[in-house]
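Below is one structure, written out as structure tokens, with a few remarks after it.
Whatever order the structure lists them in is the order used to number ligands and atoms, beginning at 1.
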Amino acid sequence: MQTTTRVAVIGGGVVGASVLYHLTKLGWSDVMLIERSELTSGSTWHAAGGFHTLNGDTNMAALQGYTIRLYKELESITGMSCGLHHVGGITLADNQDRFDMLLAERAKHRFMGLETEIVTPEEIARIAPVTNIKGIIGGLYDPLDGHLDPSGTTHAYARAARMGGATIQTHTMVTETNQRPDGTWDVVTDQDTIHAEHIVNAAGLWAREVGAMAGIYFPLHPMEHQYIVTEDVPMIADIVDAGGEHPHVMDPAGESYLRQEGRGLCIGFYEQRCRPWAVNGTPWTFGHELLPDDFDKIENSIAFAYKRFPALETAGVKSVIHGPFTFAPDGNPLVGPVPGVRNYWSACGVMAGFSQGGGVGLTLAQWMIEGEPERDVMAMDVARFGDWISPGYTLPKVIETYQKRFSVSYPNEELPAARPNRTTPMYDIFSDMGAVWGQQYGLEVVNYYAQDGEPVLETPSFRRSDAFDAIAREVRGVRGGVGINEVHNFGKYRVTGPRARVWLDCIMAGRVPQPGRLSLTPMLSDKGKLIGDFTISCLGADEFQLTASYGSQGFHFRWFSSRLEDGIDVENISDTRTGFQIAGPKARAVLAACTRADISDMRLRDVRRMTVGMTDCIVQRVSYTGDLGYEIYCDPMGQRALWWTLWAAGQPHGMVPFGMRAMMSLRLDKHFGSWMAEFSPDYTAAETGLDRFIDFKKDTDFIGRAAAEAERDRGTTRRLVALAVDTDDTDVHGYEPIWLAGEVVGFCTSGGYSHHTGTSIAQGFLPRQAVSDGLKVEIEILGQMRPAVVTLTPPFDPDGARMRG
Ligand SMILES: Cc1cc2nc3c(=O)[nH]c(=O)nc-3n(C[C@H](O)[C@H](O)[C@H](O)COP(=O)(O)OP(=O)(O)OC[C@H]3O[C@@H](n4cnc5c(N)ncnc54)[C@H](O)[C@@H]3O)c2cc1C
């Protein structure tokens, strides 16, 4: 048995096999897969083998598209059959919200190059005759949908990997993973010990147990899942005899997916009465057995399916497949370098291995070999959960995800499971003031405050929600006087040490400020992709505070940690430094009333330490609202005292508390971009305009410099712009196509209603040469073409007089 390898992939399910293949495809041949039994010995062997591109996250949908297109390539490389049936599939909608979601998906597919199509009930009856279209208002047809042979496909990946030089060691169980001081690993098996530079955990159902061998907790949990294969169904037999195949039908209302299996049908359910499996750990003895049939938990789903697919009612049951597979709390895979553990990679939590496995393998191989994936994969980055994550959080979230697998996902939806989880000292004070809470990275964040009959829960919607008036009221309060909200949901880092400035100069593309000042800067990857949008505050010669996205904390801290040097310390203080921001024309008067410090000469981007009320604070003059404003940071122990001071001082000025919904409206007035919408690793600084913050004059070879310079010289083909949209009850949310002269030429990144200006504002990318102020385009929102005008000057405070004043 081979005992050294560059990469040890643990697990020979479809995901491990795909990772192994992609590593060889991208050039690493000294790679090895270790499987305790035969290949496919976890969830993979009993999968229904269905695949589809539909996914609420656009980047995940693109990776699913890649996976599906890969199968033909695999067949031609290996000469093996994946048992492919590209029969197409229809997702049904039986109410307007479901139909809205399909319209939004179809619109996204236009610029992704996916040939999906909205179909009428009559077309559904023709394409998928097994469907009873009563109550159906439409559907989305995807010609790429289909199914395959799970075992044949896994073996095809394996053969392709072997052809690229990989080794596959079956009947070898990994029992320990021990890291050497140089960062390499001893992978101890029941046969021999393998010395590997890298480990990939692709252990599927056992990923938790394999992770624990290295002291890592992977937030995933197995759920039981069941599908039924019927005896022959006459309607299907007729189709087969006529040389045809029935397409897949996804019925979200019935939480079912259905497809042809031989001359019969196969139907599976995501039932509400679902059950988690192996709560205390997956037994090592579990292998090729199935779970006992359980018709009780799918009784309601079956009754619904009989109405939607009447042919099922008389069809005999040929077999029942009931097995477990794993989910992460949000249903997306856990991929990438595990934070804090050198040379340990995750490829687990993949709940749709045949839709996503190829994309997961490609992404991981790019990350390992090329240093970064080619696209934004934040949605499946293993770092998207922080170190606060626990099994107690994961389990209810996984159950919720399973139950909502086929539900409508609304842009303004807040899911209730496992909440409240993480709260600041302000939680009860804000709740008493009517806070309507949302959740970000496990943290409770106020969306808005409900007052005087305003909705205490925002109804999820694709259109303007019932919180519209409450948000408008908060925006008026900020622009007309002063507003206050918390700054707890910024990711914050303290960088200290004699080499802190030198280090930051290299990590960040922008200028590192002098003591008492702050600067804004993009952070770039080696390839020049935008991986952060930071504020650097210089608190002293050797001390800096960085602020960025709270949700990208795991990603950013992993990036910093892997680039640490002697003489620098970076501490994640996201939850240990909190505070408030006050914004609006009266903000200065409020702050002045609370401190003995003279703030009259405090300029935009100044940073000072001062006592506010009783609390020692770091105060910086800056505001994402685009108004006169201050961010006031403090220790959580002093936060309540600081609150009462600011709140009391705000009363004479009509201070209003405001939430994230108002904040996102206010930033639109200034055309400010938002992390993971306008700014993400899918884009470069020059495309988004953040290159204005790159300090090309500094003599440091900062990360991404060569790529940024090359782009500066070459120019970009697309450009981020803002647009005023003519619409009535709905705004842009993200990824809506932008049409010009009958063609899709761009897409939106985000949008919303600017309550202050009374305009619907979108942001998005257009071809650079097409952009001009006043250019008229159309944006497809929920299936309707809405006129929009490119607006290069922000409607609020265009010359910055108010912000600087
Ligand atoms: C009933 C059912 C129907 C499904 N239908 C579909 C479908 O239609 N489409 C779809 O895309 N997905 C479907 N799935 C999900 C799909 O099966 C999974 O997404 C996929 O199989 C996950 O593959 P994996 O490689 O991550 O994990 P697994 O298949 O669980 O593979 C993990 C492998 O690791 C090995 N291993 C674990 N620990 C060790 C160790 N210590 N040493 C060595 N080897 C180890 C195991 O033996 C196993 O072979 C279905 C799942 C179920 C349960």
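- Expressed to the nearest 0.5 Å, how far CD of Glu117 lies from NE2 of His109 amounts to 13.0 Å.
- Ring centroid separation for the pair Tyr257 and His225 comes in under the 6.0 Å cut-off.
- The shortest N or O to N or O distance between Pro324 and ligand 1 is not below 3.5 Å.
- Per-residue contacts place Ile34 under 4.0 angstrom from the following atoms of ligand 1 (heavy atoms of the residue considered): 43 (C), 44 (N).
- Among protein heavy atoms, atom 9 (N) of ligand 1 sits closest to Gly50 O, 2.8 Å.
- None of Asn59, Asn55, Thr53 except one satisfies the side chain to side chain donor-acceptor pair (under 3.5 Å) rule with Gln64; the exception is Asn55.
- Between Phe286 and Trp206, the angle of the ring planes lies from 30° to 60°, which puts this pair in the tilted group.
- Under 4.0 Å from ligand 1, not a single heavy atom of Pro150 appears.
- Regarding atom 49 (O) of ligand 1, its nearest protein heavy-atom neighbour is Glu35 OE1, 2.7 Å.
- Close contacts of ligand 1 with Gly353, meaning ligand atoms under 4.0 Å from a residue heavy atom, involve 10 (C), 11 (O), 12 (N), 18 (C), 19 (O).
- The contact set between ligand 1 and Ala48, taken as ligand atoms under 4.0 Å from a residue heavy atom, comprises 3 (C), 4 (C), 5 (N), 6 (C), 7 (C), 8 (O).
- The proximity of Phe354 to ligand 1, defined as any non-hydrogen pair under 4.0 Å, involves the side chain as well as the backbone.
- In Ala207, neither the side chain nor the backbone holds a heavy atom less than 4.0 Å from any atom of ligand 1.
- At a heavy-atom cutoff of 4.0 Å, ligand 1 is contacted by no atom of His322, backbone or side chain.
- For Ser355, the heavy-atom gap to ligand 1 drops under 4.0 angstrom.
- Atom numbering of ligand 1 starts at 1 in the shown order; those under 4.0 Å from a heavy atom of Ser41 are 47 (O), 48 (C), 49 (O).
- The CD1 atom of Ile68 sits 9.0 Å away from atom CG of Leu148, with the distance rounded to the nearest 0.5 Å.
- Remark: ligand 1 atoms within the under-4.0 Å shell around heavy atoms of Gly323 are 53 (C).
- Of the N or O atoms in Thr40, none lie within a sub-3.5 Å distance of an N or O in ligand 1.
- In terms of protein heavy-atom proximity, atom 34 (O) of ligand 1 is closest to Gly11 CA, 3.1 Å.
- At least one N or O atom of Leu205 sits closer than 3.5 Å to an N or O atom of ligand 1.
- The shortest N or O to N or O distance between Arg36 and ligand 1 is below 3.5 Å.
- For Cys348, the heavy-atom gap to ligand 1 stays at 4.0 angstrom or more.
- Residue Asp387 qualifies as open at atom CG: its count of foreign heavy atoms under 6.0 Å is 12 or below.
- Every atom of ligand 1 with a heavy atom of Tyr227 under 4.0 Å away is listed here by number and element: 1 (C), 3 (C).
- Taking 4.0 Å as the cut-off, Thr189 does not count as a neighbour of ligand 1 on heavy-atom distance.
- Put simply, OG on Ser29 and CZ on Arg6 are 9.0 Å apart, with the number rounded to the nearest 0.5 Å.
- In Lys25, the NZ atom is crowded: over 12 heavy atoms of neighbouring residues, nucleotides or ligands sit closer than 6.0 Å.
- Checked by distance only, ligand 1 and Tyr257 stay at 3.5 Å or farther apart across all their nitrogen or oxygen atoms.
- Ring centers of Tyr66 and His22: under 6.0 Å apart, within the cut-off.
- Of the protein's non-hydrogen atoms, the one nearest atom 1 (C) of ligand 1 is His225 O, 3.5 Å.
- Close contacts between ligand 1 and Thr172 involve ligand atoms 43 (C) [criterion: under 4.0 Å to a heavy atom].
- Only side-chain heavy atoms of Val210 come within less than 4.0 Å of ligand 1; its backbone N, CA, C and O stay farther off.
- Salt bridge status for Lys297 with Glu224: present, with a side-chain N to carboxylate O gap under 4.0 Å.
- A distance of 9.0 Å separates CG in Asp149 from NE2 in His155, rounded to the nearest 0.5 Å.
- Proximity of Trp45 to ligand 1, defined as any heavy-atom pair under 4.0 Å, is not found for any part of the residue.
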In a table with atom names and distances, give each donor-acceptor pair under 3.5 Å that connects a side chain of residues 159-167 to protein atoms at least two apart or in another chain.
residue: Arg159; atom: NH1; partner: Thr78; partner atom: O; Å: 3.2
residue: Thr167; atom: OG1; partner: Gln2; partner atom: OE1; Å: 2.8

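- Per-residue contacts place Met351 under 4.0 angstrom from the following atoms of ligand 1 (heavy atoms of the residue considered): 12 (N), 15 (C), 19 (O).
- For CD of Glu413, the number of neighbouring non-hydrogen atoms (other residues, nucleotides, ligands) closer than 6.0 Å is greater than 12.
- When non-hydrogen atoms are compared, ligand 1 lies under 4.0 Å from the side chain of Trp284 (C-beta onward) but not from its backbone.
- Between Val7 and Leu23, the shortest heavy-atom distance links the atoms CG1-CD1, 3.8 Å.
- For Phe51 and His86, the gap between ring centers is short of 6.0 Å.
- Here the straight-line distance linking atom CE of Met173 with atom CG of Asp190 works out to 7.0 Å at 0.5 Å rounding.
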